[in-house]
Protein chains: 2
Amino acid sequence: MEERTPRRPRIADVAREAGVSKTAVSFAFNSPDRLAPETASRIREVADSLGYRPHPVARMLSQRQTHTIGVLTPQALSVIFSNPFFGAFSEGVALAAEQEGYALHFISPLHGSLSRAMDHATVDGVVVVGLSAGHPEVEQIRAAGVPLVMVDSSALPDQPGVVIDDEGGARAAAEHLVSLGHRDILIIGVEPPAPALELDPEGVMGRRLRGYQTGLAAKGIKLDPSSVVVEPASIEGGLVALHRAWGSGLRPTGVLVMSDAMAIGVLRAARELGLRVPEDVSVVGYDDIDVSQHVNPPLTTVHQPIRRKGESAVRLLLSVVQRRDHDPQQLRLETRLIVRASTGPAPRRRQEVDRVRG
Amino acid sequence: MEERTPRRPRIADVAREAGVSKTAVSFAFNSPDRLAPETASRIREVADSLGYRPHPVARMLSQRQTHTIGVLTPQALSVIFSNPFFGAFSEGVALAAEQEGYALHFISPLHGSLSRAMDHATVDGVVVVGLSAGHPEVEQIRAAGVPLVMVDSSALPDQPGVVIDDEGGARAAAEHLVSLGHRDILIIGVEPPAPALELDPEGVMGRRLRGYQTGLAAKGIKLDPSSVVVEPASIEGGLVALHRAWGSGLRPTGVLVMSDAMAIGVLRAARELGLRVPEDVSVVGYDDIDVSQHVNPPLTTVHQPIRRKGESAVRLLLSVVQRRDHDPQQLRLETRLIVRASTGPAPRRRQEVDRVRG
DNA sequence: CCGGTTTGCTAAACCGGTTTTGTAAACCGG
DNA sequence: CCGGTTTACAAAACCGGTTTAGCAAACCGG
């Protein structure tokens, strides 16, 4: 005997079965104190026996809240998840969200359009990561009245946000290389999601680039535009980047990489090119992801508190979502250079050239 | 002049402003061909000028679909995201989801309860990862009529699912160590999410354990229960695991680790203990995450197609969500041992001892 | 024992859309 | 020019809950 299309029980079913009104059933679940204790428990029993669960979407609609926060990125999730940085960031986001009982919804371009994705997203607020402040999508979100906090964006002062000292960290990295005697520097950056997009000077990568330049300029090193290459922020991207630079004739002794994931790829590319790290070439990463200290050689990099960044962003967001509305708050976290084993004194130039020739 | 509480425009506002019915507005967005072209475009113009966007939750409610798929895990997201394995898996999930225009919602225990989290989740279907088939939560989902596909679970044959050959991979790993002369083996497993839970013999870790045991038993090696230790699936967990084992007097020459993240921690612990890898101790991981080939030394491990697993799971799920309903399909993906540099011949002394014994 | 408050529940409105059903007007073949 | 079909839109029902307004009975102080 088959059950006949076992439709999901609705609140009306429970009400009928228990001989009460829909209101009473709703009360039984949401504010039992407004019902006589016996009534409440009887309703719950009936509900249980019917296998009734309030329909989450209906609940969202009438309550006007979803208990969900969104993480919005301009890049496809399938690419951004390949960077352990994002995993760690999500870890922080998830930690704070879970503590407050919020679920997590990831929002990435839908059929190429971020707005469309945003239009379909059912969230009480969003953490925006990797998008600069002026972005139209960001305006759209604000216009829709959805609270947001910007991460890694030199946000307008009227929006809450959390940033790190990208420029300072980058400068420290550059100075470190310079002080080791490096003069031929290659910079590897992260490719912006939309190919047409220029490297946004106000974005993370723009700020890091400025930091590098400042650090180098202090010792009188000027940067040729050709010695800045960009690729996607992944191990693979880093691998490709160094190979490309090398292929186009560049022979740096020091490489500043804007992402640890890429730096790991650079380490590998170096090995494939027959270069020893750090004897022949030094590499400095950025982010200090978990594995950076475990790669070969352990990576010198700029540390940033990734998890804390995610956590703080969510706390900030929830403080405005829940109308605990302090004025828009800006949080700034620090970076610091961590010297491990992927950097060393610059090789004497002659030596390097000879070895590669031979 | 302040705008007066700029309420979000509703469909009724657009209808009034354009002098048409709600129906017409809805048609203008969803089936413009049912309207005269001029009418449709006029409505859209009005809608634009008002900044109208269909309310996603309302739309979900009446359409009875959310265009969202859930990823359900019994562990807190804040812990599971720390394992690069999950990042890669999510990458695959996201890839397939994005292609089909589905958003991603992560479901993890809400205030300790998975059911509660599931009750609040607004998804068209879920990918269940790391939960075995018999689990009550899984039954609850099925009862609620939500399509699901189980990943890494020896599912009942009436549920779609994707699994890998955990046992075969594990056996290969064990045989590899044995063939190198190792006789004193330590096994490091992943701690189940609920502390009370026993190591589920039907779960991933149970299957891998069986594989290890089979591989060892073939060469007459019996496993003492004390040489199986479990910790959380993270770098930190692996680190702790080896230290604990060592502290309790175990002196293995070969370590079989059920997760690469943990294996990386083991490599570090070995270094801290003054052990050289692979000269003093050999380590075999499991999963073959991206960084495994970049750590020091490059990790010998059991490869599984992580991304493809996520991707396949979503495709399977969507095929039932969209009523393209083939009968519940089971997908089985292969594993293979990848020998890198973290394994080598068992150290001489022990080998000799064993030879004499044998 | 009377007027006011509290208790316990219901009826109706509402959240913001989509979908079904209905209906005038236009079209159309014979 | 008449009956039947399309076309183009509107009215109403519906999705499945919550929330507001309201009402009868019980309680309660004076």
Side-chain angles (χ1 to χ4, degrees), chain A residues 5-44 46-47 50-68 119-124 144-146, chain B residues 5-44 46-47 50-68 119-124 144-146:
Chain A
T5 55
R7 202 175 36 73
R8 175 181 183 137
R10 308 187 295 244
I11 196 172
D13 300 326
V14 180
R16 184 172 357 89
E17 193 78 8
V20 297
S21 69
K22 293 195 311 174
T23 313
V25 179
S26 179
F27 283 168
F29 279 83
N30 304 312
S31 31
D33 43 327
R34 298 188 57 176
L35 252 37
E38 326 77 75
T39 313
S41 63
R42 182 167 48 87
I43 294 179
R44 303 202 65 123
V46 173
L50 260 52
Y52 168 76
R53 311 265 172 180
H55 193 299
V57 176
R59 187 197 281 256
M60 282 180 182
L61 181 60
S62 51
Q63 288 188 152
R64 262 171 296 282
Q65 56 167 327
T66 63
H67 271 286
T68 300
D119 282 345
H120 287 77
T122 56
V123 296
D124 292 339
V146 178
Chain B
T5 54
R7 201 175 37 73
R8 174 181 184 136
R10 310 187 294 246
I11 195 170
D13 300 325
V14 180
R16 185 173 355 89
E17 194 76 9
V20 297
S21 68
K22 292 195 313 176
T23 313
V25 179
S26 179
F27 282 169
F29 279 84
N30 304 313
S31 31
D33 44 326
R34 297 186 58 174
L35 252 36
E38 326 75 78
T39 312
S41 63
R42 183 167 49 86
I43 294 178
R44 302 202 66 122
V46 173
L50 261 52
Y52 168 75
R53 311 265 173 178
H55 193 298
V57 177
R59 188 197 280 258
M60 283 179 181
L61 181 59
S62 52
Q63 287 189 153
R64 263 172 297 283
Q65 56 167 327
T66 64
H67 270 285
T68 300
D119 282 344
H120 287 78
T122 56
V123 296
D124 292 339
V146 179

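To find a chain, count down the sequence lines: A is the first, B the second, and so on, and within it residues start at 1.
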For the atom pair OG1 (T23(A)) and CD1 (I11(A)), what is the distance rounded to the nearest 0.5 Å?
8.0 Å
Exceeds 12 heavy-atom contacts within 6.0 angstrom, atom CD of E17(B)
no
Which heavy-atom pair separates A28(B) from L35(B) by the least distance, and what is that distance?
N-CD2, 3.6 Å
Partners meeting side chain to side chain donor-acceptor pair (under 3.5 Å) with T122(A) (sequence neighbours left out)
none
Checking R53(A) now: which residues fulfil side chain to side chain donor-acceptor pair (under 3.5 Å) with it, not counting sequence neighbours?
D119(B)
Under a 4.0 Å heavy-atom cut-off, which of residues 23-33 of chain B touch DNA chain D?
T23(B), A24(B)
So which one's nearest nucleotide on DNA chain D is more toward 5', P37(B) or K22(B)?
P37(B)
Whole angstrom is fine here: how far is it from CZ in R10(B) over to P in dT18(C)?
14 Å
May I ask you to test the R42(A)-V20(A) pair for a side-chain heavy-atom distance under 4.5 Å?
yes
Taken in chain and number order and not counting sequence neighbours, the residues that satisfy ring-ring contact (aromatic ring centres under 6.0 Å, His included) with H120(A) are none
Residues in side chain to side chain donor-acceptor pair (under 3.5 Å) contact with S26(B), at least two apart in sequence or another chain:
N30(B)
Nucleotide pairing, DNA chain C (Watson-Crick or G-U, distances under 3.5 Å), in dot-bracket with [ ] and |
||||||||||||||||||||||||||||||
Could you pull out all residues at least two apart from F27(A) that satisfy ring-ring contact (aromatic ring centres under 6.0 Å, His included)?
none
Boundaries of the chain A footprint along DNA chain D (any atom under 4.0 Å from a heavy atom):
dG16(D) to dT20(D)
Just jot down the side-chain contact (heavy atoms from CB on, under 4.5 Å) partners of A58(A), sequence neighbours excluded, or say none.
H55(A), L61(B)
Between OG1 on residue T66(B) and CE on residue M60(A), distance to nearest 0.5 Å
9.5 Å
Between residues 53-65 of chain A and DNA chain C, which residues have a heavy-atom gap below 4.0 Å?
L61(A), S62(A), R64(A)
Residue list, side-chain contact (heavy atoms from CB on, under 4.5 Å) with A36(A), at least two apart or on another chain:
E38(A), T39(A)
Residues passing the salt bridge (charged side-chain N to carboxylate O under 4.0 Å, His left out) test with R16(B), sequence neighbours excluded, are D13(B)
